[in-house]
2 protein chains.
Amino acid sequence: MKLSEKKSLKKKEQILLSAVKIVNRHGYDGATMEEIAAELLMTKGSLYYYFKNKGDLMYQCHNLILSKAIDELKEHINEEDSAEEMLRNMIITHIDFAIEEQETFNLITRPYHTFNKEQLQEVLKLRKNYSGLFDQVIEKGLSSKAFKIKEPIIARMFMLGSMNWIQQWYNPDGRLNKKELQKIFGDYMIKLLK
Amino acid sequence: MKLSEKKSLKKKEQILLSAVKIVNRHGYDGATMEEIAAELLMTKGSLYYYFKNKGDLMYQCHNLILSKAIDELKEHINEEDSAEEMLRNMIITHIDFAIEEQETFNLITRPYHTFNKEQLQEVLKLRKNYSGLFDQVIEKGLSSKAFKIKEPIIARMFMLGSMNWIQQWYNPDGRLNKKELQKIFGDYMIKLLK
DNA sequence: AGTAATTTTAAACAATCATTTAATTTTTGA
DNA sequence: TCAAAAATTAAATGATTGTTTAAAATTACT
């Protein structure tokens, strides 16, 4: 690979990270190309040298974060833990992403309005992938009789929803810190599933 | 009250209802004054005869729906039911609003970005009012020993979050209809609290 | 019926942004 | 060092949309 290509890739990544930061701050609609560029001391025009358009940039942001999250979940699943222990770890990861990556993580609560057809297909695939990991663990718990829950798919959506909503009220200076919340949420989930 | 004032109030209400409809369809940013007016066969300019600006209109939409929801919750609380029965009814109401009023109900996940100071104060007051009703019932259940949960405030946020998120995945043509979902969610909540 | 108040409208305005373009600057590599 | 390639920029463009305005249409009321 030529030097210039390497540099280009690196720049692309920097832009992506800047975009993630701005999106987390202002949401999809609120993130302007101008601000994303300014973060890197560039002008917005340059962004189009690296990305086709804003939609493309947003799409890649979402994919980046979601892929990272999937990787982290998989690490927890590969360990030789009980379903309960695995689930507790996955909850910690999910809440981490929901809090730290805020808008980018769920980016596009309204994916149909935001992404084009091919992007949408990929996004839905990734999301299915993601939630499938939770389903897997719940299934494991059910078959080992550690869990006992009706409608496990609904239960999974119930759980993910409660966690995704944390970002609406979480306050880093609140009475409970992130770690404490993660513990409490884990306890709740286990109680729900047992 | 003069006839013209009555008519004016009626028109104002119609506009509000149209705005609610459009917001539920496209979200806050996606709702244009043009479309809100078109729904009533008016032109957008007319809206400014009744509302100061878009922010004002959105604010009144949110208040309208939230107030309705509060009223409905209060009806459930005033009955002579057990905490469990009351909570089940409140869950049905909440899910109804979350599904049917979609965007308007949670309108402004990002209230700081959307409302001005006085509006924000009123919105936060209403929201506190709303969630306080759930806290009340949980407290009632705790003191009657029907419930047993640590960190009841967090549990309430947990529950509201899981319900608010329903609108992200709910499909009216899905395997489970709304009523079935409400039942399942009620069961989950009770299991969590007991 | 006729006048004053009320309501509505079309058009102009203004602000915001995403995107394009053409020129300029910087970097690369022989 | 120097020409070609790569990267960046400033400015223009175009589309959207909230808001204002002044005139026109409608309605209320004596």
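Chain identifiers are assigned alphabetically (A, B, ...) following the order of the sequence lines, protein sequences preceding nucleic acid strands; residue numbering begins at 1 within each chain.
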Any idea which of [options] is nearest the [X] side chain?
{"X": "A:Lys7", "options": "C:dT27, C:dT6, D:dA6", "result": "C:dT27"}
{"X": "A:Thr43", "options": "C:dT19, D:dA7, D:dT9", "result": "D:dT9"}
{"X": "B:Ser46", "options": "C:dT19, C:dA10, C:dT8", "result": "C:dT8"}
{"X": "B:Ser8", "options": "D:dA6, D:dT19, C:dT7", "result": "C:dT7"}

In terms of side-chain geometry, is the basic nitrogen of [X] or [Y] positioned less than 4.0 Å from the acidic oxygen of its partner?
{"X": "B:Arg156", "Y": "B:Glu139", "result": "no"}
{"X": "A:Lys183", "Y": "A:Asp187", "result": "yes"}
{"X": "B:Lys68", "Y": "B:Glu101", "result": "no"}
{"X": "A:Lys194", "Y": "A:Glu84", "result": "yes"}

Looking for any heavy atom pair under 4.0 Å, which part of the strands does [X] touch: base, sugar-phosphate only, or nothing?
{"X": "A:Lys11", "result": "sugar-phosphate"}
{"X": "B:Thr32", "result": "sugar-phosphate"}
{"X": "A:Tyr50", "result": "sugar-phosphate"}

Original post:
Does one side chain, of B:Tyr28 or B:His62, offer a donor that lies under 3.5 Å from an acceptor on the other?
Top reply: no
Measure [atom1]/[X] against [atom2]/[N] and give the value in whole Å, please.
{"X": "B:Lys44", "N": "C:dA11", "atom1": "NZ", "atom2": "P", "result": "12 Å"}
{"X": "A:Leu47", "N": "D:dA7", "atom1": "CG", "atom2": "C1'", "result": "12 Å"}
{"X": "A:Lys6", "N": "D:dA6", "atom1": "NZ", "atom2": "C1'", "result": "17 Å"}
{"X": "B:Asn53", "N": "C:dA15", "atom1": "CG", "atom2": "P", "result": "16 Å"}
{"X": "B:Lys52", "N": "D:dT19", "atom1": "NZ", "atom2": "P", "result": "9 Å"}
{"X": "A:Met58", "N": "C:dC17", "atom1": "CE", "atom2": "P", "result": "13 Å"}
{"X": "A:Lys10", "N": "C:dT27", "atom1": "NZ", "atom2": "P", "result": "15 Å"}
{"X": "A:Leu57", "N": "C:dC17", "atom1": "CG", "atom2": "C1'", "result": "15 Å"}

Original post:
Listed by chain and number, what are the side chain to side chain donor-acceptor pair (under 3.5 Å) partners of B:Asn89, not counting sequence neighbours?
Top reply: none
**OP:** Indicate whether OP1 or OP2 belonging to D:dT8 is found under 4.0 Å from a side-chain N or O atom of A:Tyr49.
**Re:**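 So the side-chain polar atoms of A:Tyr49 never come under 4.0 Å of the phosphate oxygens OP1 or OP2 of D:dT8.
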Original post:
Would one find a side-chain N or O of A:Tyr48 under 4.0 angstrom from OP1 or OP2 of C:dT19?
Top reply: yes
**OP:** Please list residues of residues 33-42 of chain A whose heavy atoms come under 4.0 Å from any atom in DNA chain C, ordered by number; otherwise none.
**Re:**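 Output list: A:Met33.
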Subject >> Contacts of type ring-ring contact (aromatic ring centres under 6.0 Å, His included), residue A:Phe51, not counting sequence neighbours >> reply: none
